[in-house]
S.K.: 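One structure coming up, written as structure tokens, with questions to follow.
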Amino acid sequence: MNQMDNSTLMQRDLKVLWHPCTQMKDHETLPLIPIRRGEGVWLEDFDGNRYIDAISSWWVNLFGHANPRINNAVKTQLDTLEHVLLAGFSHEPAIRLAEQLMQLTPPGLDRCFFADNGSSAVEVALKMSFHYWRNTGRSEKTRFITLTNSYHGETLGTLAVGDVALYKETYEPLLMKAIGVPSPDCFEREPGESWAEHSEKMFAHMEQALVQHAGEVCAVIVEPLVQCAGNMRMYHPVYLQLLRDACNRHNVHLIADEIAVGFGRTGTLFACEQAAISPDFLCLSKGLTGGYLPLSLTLTSESIYQAFYDDYEKLTAFLHSHSYTGNPLGCAAALATLDIFASDNVIENNQKTAKAMAESVAHLTDHPHVAEIRQTGMILAIEMVKERSSRTPYPWQERRGLRVYRHALQRGALLRPLGNVIYFMPPYVITEEQIRQLAKIATEGIELATSTD
Ligand SMILES: *Cc1c(COP(=O)(O)O)cnc(C)c1O
């Protein structure tokens with residue numbers, strides 16, 4: 001029998017795996033944690049240590065690990081149909097999922113195109129927008145407008161419309177040139193200025209970019225309300241209202257990338273609801289399957305769909321596909337996830353959970369190394385700084401966030417700070433007791449990480 005403990009598995013792993021988003025040399029000193037099982041908010045490793053999954057395993061998990069209801073749905077589907085191609089063929093879970101999402105998403109999104117990961121859903125939206133304008137005689141529209149500090153995935157197309165330097169800069173020579181507009185990020189607001197005032201003021205930059213570039217622009221792409229990978233920076237819904245109106249006036253599409261913020265993260269089922277807008281494209285993934293399986297989709301309007309609908313010889317069709325597009329197991333997990341939303345009053349109950357999250361860290365508000373605690377719904381972020389009044393950041397090389405990560409692991413929590421931003425984005429099944437536990441661990445971690453110059 002092979003020995004199954006953390007250290008044996010870590011050694012085997014490090015001989016053969018290359019991990020995502022990781023400088024592998026870090027693992028000379030940083031433990032790699034092999035997970036044996038999950039249950040609810042808990043992850044358990046091979047030495048029997050347990051960790052609260054405070055970041056929902058990269059923002060995907062909604063209703064806990066090994067959720068019995070989603071498990072059953074996937075098991076039933078597995079014995080029925082594991083996969084079939086979605087070109088020329090179809091299956092009931094995909095149809096039912098598309099039907100249900102049309103009811104739940106903002107009005108006017110009447111067509112569902114499936115893919116299998118978030119980046120691909122964004123690629124689909126970018127290609128469809130460009131292709132729509134081409135099919136309607138506007139082939140000079142070839143560019144995209146994006147916000148600074150935005151993130152839309154890791155493929156070359158999505159990196160091009162993103163703006164997180166750490167992921168993007170190296171590949172810059174390979175990327176199409178997007179038009180960058182300053183983000184409405186409210187961390188940057190003036191003292192005394194409200195979120196709404198700041199976000200509204202920042203819209204002037206977008207209006208200016210549209211006036212200047214609309215003729216060559218296919219679409220504006222945004223992450224509604226929270227730029228998650230961009231250190232959980234947040235803005236006010238008024239920006240989305242102004243943006244919807246401006247895109248209409250300038251004849252440019254609006255792509256809402258709700259891959260991270262969809263399915264209740266911001267306090268409403270979809271973030272766009274808070275601005276009462278419908279985008280021309282809505283990209284969904286991550287929470288879509290409750291965090292179970294890779295699945296994504298891009299919703300769009302009937303009128304955009306119709307611009308592709310013609311005789312084959314006209315060559316206007318959208319000939320894009322991925323092997324696992326619309327996988328039935330993923331669709332079954334997604335349907336079970338939507339069932340839980342429908343039957344368990346999730347959005348309403350989350351309001352209490354969100355309030356408990358806020359209260360749990362209120363004592364850090366005036367901490368000398370905390371510049372801001374911000375929250376949108378079920379996403380709460382604590383920004384650590386070297387000097388509070390001037391908001392001087394710690395040099396990134398010091399990796400203060402990593403100290404919090406290490407401490408949390410020792411104390412039984414998976415917190416994975418983004419730079420110097422510690423955040424909670426937990427599964428919705430987290431209890432108030434567990435939230436208090438997390439807050440305690442995060443507080444200790446912040447004290448530890450900020451106690452030396
Ligand atoms: C995670 C994420 C993506 C990319 O999804 P993947 O499944 O990781 O390719 C795109 N946009 C946003 C806003 C995300 O958070």
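Remember, it's a predicted structure, so these values are computed and weren't measured experimentally. We count ligands from 1, going down the list as the structure has it; atoms in each ligand are counted the same way.
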S.K.: With side chains defined as the heavy atoms from C-beta onward, is the minimum distance between Arg399 and Tyr405 less than 4.5 Å?
M.R.: no
S.K.: Please table the atom pairs, donor to acceptor, closer than 3.5 Å between any side-chain atom in residues 330-342 and protein atoms at least two apart or in another chain.
M.R.:
residue: Thr337; atom: OG1; partner: Gly290; partner atom: N; Å: 3.3
residue: Thr337; atom: OG1; partner: Ala333; partner atom: O; Å: 2.8

S.K.: Enumerate, atom names and distances included, each donor-acceptor pair closer than 3.5 Å involving a side-chain atom of residues 421-428, sequence neighbours excluded.
M.R.:
residue: Tyr423; atom: OH; partner: Trp59; partner atom: NE1; Å: 2.8
residue: Tyr428; atom: OH; partner: Phe263; partner atom: O; Å: 2.6
residue: Tyr428; atom: OH; partner: Arg265; partner atom: N; Å: 3.1

S.K.: For ligand 1, what are the residues with a heavy-atom contact below 4.0 Å?
M.R.: Trp59, Asn117, Gly118, Ser119, Tyr151, His152, Gly153, Glu223, Asp257, Ile259, Ala260, Lys286
S.K.: Report yes if some heavy atom in the side chain of Arg244 is under 4.5 Å from a heavy atom in the side chain of Leu254; otherwise report no.
M.R.: yes
S.K.: Any side-chain heavy atom of Arg233 within less than 4.5 Å of one from Glu188?
M.R.: yes
S.K.: Pairs under 3.5 angstrom only: tabulate donor-acceptor contacts from the side chains of residues 345-354 to other protein residues two or more places apart or in another chain.
M.R.:
residue: Asn349; atom: ND2; partner: Asp344; partner atom: O; Å: 3.1
residue: Asn349; atom: ND2; partner: Asn345; partner atom: O; Å: 3.3
residue: Thr353; atom: OG1; partner: Asn349; partner atom: O; Å: 3.3

